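Report on one structure; see the data block that follows.
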Amino acid sequence: MKKVNLVWLRNDLRIDDNSALYHAAQDKNCAVFALYFVCQKQWQEHWVGSNQQALIFAALSELKQQLRKLNIPLLILDAGHFSQVPELMQQVVTQLKVDDCYFNREILLNERERDKQVYNRLKDQVKFHSYNDQTLISPHKIVTKEQQGYKVFSDFARAVKSYLADYPLQNFSSPKAKEKSNFNFFDFTQLAEQQFVIDKASIIKKEHTVFSAPSLPEINEKKIHQQLERFCKSALSDYAEQRDYPAISGTSALSAALAVGSLSIKRCYTLAKQSVNERQSQTWINELIWRDFYRSVAWHFPHVVKGHAFNPVDKQLTWSNNTEHFAAWKNAQTGIPIIDAAITQLRQTGWMHNRLRMIVASYLTKNLWIDWREGERFFAEHLFDYDFASNNGGWQWCASVGTDAAPYFRVFNPASQQQKFDPDTSFIKQWLPALKAQPAKNIHKFETLSLPNYPSPQVNLKATRQQAIEAFKQAKG
Ligand SMILES: Cc1cc2nc3c(=O)[nH]c(=O)nc-3n(C[C@H](O)[C@H](O)[C@H](O)COP(=O)(O)OP(=O)(O)OC[C@H]3O[C@@H](n4cnc5c(N)ncnc54)[C@H](O)[C@@H]3O)c2cc1C
C-alpha cells in the first residue's frame with residue numbers, strides 16, 4: 001500500500017514555487033492528493049467580493065488542469081464556513097487514508113484558528129508539515145531587539161534585507177509528475193455531495209458584477225510568469241520613475257495573481273534581483289516588502305484584524321455618517337475628476353492604480369471625514385487583488401491611524417495630485433467620457449470652472465482639509 005500525502009491548498013493556487021506541494025510530492029513512491037475548501041459564507045464575512053471569488057474559481061479550474069498533468073487529483077469541497085473545515089478534513093483524511101498533510105501557513109487570525117482546530121482534531125491520525133510561503137520571510141522571524149513586531153516600515157525593510165543577505169530565499173520548482181492513476185475520489189468516497197462543481201455559467205450569472213468588468217486578470221500560471229518576466233526585463237528599471245503615473249503601465253499588475261497565490265512572492269523577489277542591478281530593483285523590492293510589512297503588522301498586532309486601528313487616536317475620532325457623500329464617492333460623482341476616474345477604473349476593471357488608491361482613500365477619510373473602514377470594505381468588495389493585510393494597512397496609512405501612517409497634517413490635495421500625476425488628463429479622459437472634449441487646463445480648474453455634464457465638487461477641499469487637521473489635533477489632545 002502506497003503512502004498517501006495530502007496537500008491542503010489555500011492561498012497558494014499554483015504549482016510553481018509552492019513549498020507545501022513541492023515537499024509533498026518529493027517521495028517517488030507516495031500518492032499525492034490536493035484539497036481545497038470553498039468557504040463562501042466565511043468569504044462573505046471577510047468582505048471578499050464577487051470579483052475575487054470569481055478569480056479564485058478561475059484559478060482553481062486552471063490549477064486542477066495543471067495538477068491533472070502531474071497526476072495529482074484536486075478535490076474541491078464546499079465547506080461553506082471555516083467552522084465546517086475540521087469535520088470535512090477528518091472525513092477526507094479517513095476516506096483517503098492520509099498519512100501526511102502538507103500546507104503553507106496563513107497569517108490572519110480566523111485562518112490560524114481554523115488550522116489549529118484541524119491540527120488538534122487530527123494530530124494523532126496524521127503527520128502535519130507546514131511552511132512559510134505567503135511572505136518572503138515568516139513574520140515571527142523579523143522582530144525588534146525586544147522581540148516585538150516592527151511598527152516602522154523603514155526599520156522593517158532594513159531587517160528583512162539583512163535577513164535575506166544571511167539566508168537567501170529558496171525557490172521550489174513545480175513537482176515532477178507522479179505515476180499515472182485513474183483514481184476518482186468521488187467514485188468511492190461518501191463526500192460526493194460536498195463536491196464543489198465550478199460551473200462557469202453559474203459564476204457568470206451569480207457573479208454578474210465581474211462581467212461588467214472587461215475581463216478577469218490573467219490566471220494561467222505560465223502566462224503570469226511571462227508577465228513577470230516581461231515586467232522585469234522591460235519595465236522594472238524604470239519603475240521608480242513611472243510607477244506614480246496612472247496613464248502609464250509602469251507597474252507590474254501582478255497583484256491579483258499574488259493575492260490568490262497564483263504567483264509566488266519569492267519568485268517575484270528572485271527574478272527581480274536577477275534581472276536588473278540593485279539600484280534599479282530597489283523600489284519594486286521595497287513594494288514587495290511593504291506586502292510583508294502589513295502581514296507582519298497583522299500577525300504581531302492582531303487587534304488590527306478585529307476592526308481596530310493600530311493607533312488608539314482612531315477611538316477619539318467621530319467620523320461622519322453622511323451617506324450622500326459616501327454614495328457620491330462610490331458612484332464616481334464627487335466632482336473631482338481624478339477621484340471619479342479612479343473609482344470608475346476600480347468599478348470597471350476590479351483594479352486601481354496605487355497612487356489613486358492613496359488619493360481616493362485620503363479624500364474619503366480626510367475631506368469627507370468618512371470612516372476608513374467603510375472605504376476598506378468597498379475596496380474589498382471590488383478589488384480582484386483584495387488582500388486583507390495590504391488593504392487594511394493601506395487604508396490605515398491614508399487615514400493616519402496606522403503603524404507607519406502618513407502624519408495627520410499631510411492631507412493629499414486631489415487637485416495638485418491630479419496636476420502632478422495626470423498632467424495632460426489622459427487618464428481622466430480614459431475613464432470619464434464626459435470630460436473627453438475638455439482641454440486639460442479646464443479639467444484642472446474643476447474647483448472654479450463649471451464643466452459641462454459633470455458635477456461640481458461636493459465639498460470645499462481647503463476647508464475640509466482644515467477641519468480634518470483640527471479634528472486630529474483635538475483627538476490627540
Ligand atoms: C488604500 C489602499 C488599499 C490597498 N489595497 C490593496 C489590496 O487589497 N491588495 C493589494 O495587493 N494591494 C493593496 N494596496 C497596495 C497597492 O496599491 C497594490 O498592491 C498595487 O497597486 C498593485 O498593483 P501592481 O501589482 O501593479 O503593483 P506593483 O507596483 O507592481 O507592486 C508589486 C507588488 O507589490 C505589492 N505591493 C505594492 N505596493 C504595495 C503596498 N503599498 N502595500 C502592500 N503591498 C504592495 C503588491 O503585491 C504588488 O502586486 C492598497 C494600497 C492602498 C493605498
Side-chain angles (χ1 to χ4, degrees), residues 152-154 157 239-253 255 259 283-284 286-291 293-294 297 304 309-311 314 326 329-330 332 334 336-347 349-380 382-423 425 427-428 431 457 459 461 464-465 468-469 472:
V152 176
F153 173 75
S154 49
Y239 179 78
E241 287 77 43
Q242 305 215 318
R243 68 183 177 132
D244 278 317
Y245 297 89
I248 299 174
S249 300
T251 68
S252 70
S255 50
T283 311
W284 198 64
N286 274 344
E287 297 306 322
L288 304 184
I289 298 176
W290 269 106
R291 185 178 176 277
F293 176 62
Y294 285 137
V297 172
V304 302
F310 179 84
N311 190 326
D314 180 63
F326 188 36
W329 180 87
K330 289 196 283 192
T334 66
I336 300 177
I338 194 72
I339 305 270
D340 294 340
I343 296 286
T344 309
Q345 179 183 43
L346 173 63
R347 297 207 84 152
T349 69
W351 185 82
M352 191 195 286
H353 189 278
N354 180 61
R355 169 62 43 184
L356 304 176
R357 294 187 204 208
M358 294 193 285
I359 301 172
V360 302
S362 168
Y363 176 75
L364 185 75
T365 55
K366 304 282 180 63
N367 295 100
L368 298 185
W369 200 247
I370 303 243
D371 194 329
W372 56 273
R373 282 161 278 245
E374 298 286 353
E376 181 194 13
R377 180 175 189 154
F378 179 77
F379 267 28
H382 289 85
L383 285 169
F384 280 116
D385 68 25
Y386 170 49
D387 171 283
F388 176 86
S390 302
N391 193 42
N392 179 266
W395 274 95
Q396 291 203 26
W397 186 92
C398 294
S400 303
V401 296
T403 37
D404 197 13
Y408 71 88
F409 47 83
R410 206 171 289 154
V411 179
F412 278 64
N413 178 344
S416 47
Q417 291 284 315
Q418 177 179 304
Q419 287 257 11
K420 193 165 173 195
F421 297 113
D422 192 26
T425 64
F427 177 81
I428 290 170
W431 296 104
V459 293
L461 292 175
T464 48
R465 171 185 184 274
I469 292 174
F472 263 98

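Nothing here was measured: the structure is a model prediction, and the numbers come from that model.
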Given side chains that start at C-beta, do those of L346 and F379 come closer than 4.5 Å, heavy atoms only? yes
Counting N and O atoms only, with roles assigned by atom type, does the side chain of H353 sit under 3.5 Å from a partner on the main chain of R243, one being a donor and the other an acceptor? yes
Looking at D371 and R377, is there a salt bridge between them, counting it only when a charged N and a carboxylate O are closer than 4.0 Å? no
For the backbone of F310 and the side chain of Q396, can you confirm whether one donor and one acceptor N or O come within less than 3.5 Å of each other? yes
Grab the two heavy atoms, one from L461 and one from P414, that are nearest each other, plus how far apart they are. CD2-CG, 3.9 Å
Evaluate ring-ring contact (aromatic ring centres under 6.0 Å, His included) for F384 paired with W351, printing each intermediate quantity in order. CA-CA 6 Å; F384 280 116; W351 185 82; over 10 Å; no
Spacing of OG1 belonging to T464 relative to OH belonging to Y363, to within rounding of 0.5 Å: 7.0 Å
Would you find a donor on one side and an acceptor on the other, under 3.5 Å apart, between the side chain of D314 and the backbone of V401? no
Would you check if L364 and F326 make a side-chain contact, meaning some heavy-atom pair closer than 4.5 Å? yes
Please name the pair of heavy atoms, one in A399 and one in F472, separated by the smallest distance, quoted to 0.1 Å. O-CZ, 3.2 Å
Quick check: does any side chain N or O of D340 sit under 3.5 Å from a backbone N or O of T334, one acting as donor and the other as acceptor? yes
Kindly say whether I359 contributes a backbone atom to a donor-acceptor pair with the side chain of S362 at under 3.5 angstrom? no
Just verifying a value: how many Å separate T425 OG1 and Q419 CD, rounded to the nearest 0.5 Å? 10.0 Å
Can you tell me how far CH2 of W431 sits from OG1 of T344, rounded to the nearest 0.5 angstrom? 8.0 Å
Do W290 and F153 have side chains that approach each other closer than 4.5 Å (heavy atoms only, starting at C-beta)? yes
Nearest-0.5 Å distance, OG1 of residue T365 to OH of residue Y408: 15.0 Å
Any donor and acceptor pair, going by atom type alone, linking the side chain of S390 with main-chain N or O of D387 inside 3.5 Å? no
Looking at NZ of K330 and CZ of F378, how far apart are the two atoms once the value is rounded to the nearest 0.5 Å? 7.0 Å
Could you tell me whether the side chain of Q418 and the main chain of I338 form a donor-acceptor pair under 3.5 Å? yes
Determine yes or no for a side-chain-to-main-chain donor-acceptor pair under 3.5 angstrom, with R357 supplying the side chain and M352 the backbone. yes
Measure across Y294 and A389 and return the closest heavy-atom pair with its distance rounded to 0.1 Å. CB-O, 3.4 Å
Of all the heavy-atom pairs spanning V304 and A309, show the shortest one and how long it is. CG1-C, 4.4 Å
Check step by step if side-chain contact (heavy atoms from CB on, under 4.5 Å) holds for F388 and E376. CA-CA 9 Å; F388 176 86; E376 181 194 13; 3.7 Å; yes
Separation of Y239 OH from D244 CG (nearest 0.5 Å): 8.0 Å
Indicate the atoms forming the closest heavy-atom contact of N311 with G402, along with that distance. CB-O, 4.2 Å
Please examine the side chains of N286 and T283, heavy atoms only from C-beta on, and report whether any two atoms are closer than 4.5 Å. no
Step by step, would you call T251 with N354 a side-chain contact (heavy atoms from CB on, under 4.5 Å)? CA-CA 9 Å; T251 68; N354 180 61; over 6 Å; no
Side-chain heavy-atom pair K366, W372 within 4.5 angstrom cut-off: no
Any donor-acceptor N/O pair, W329 side chain to V360 backbone, under 3.5 Å: yes
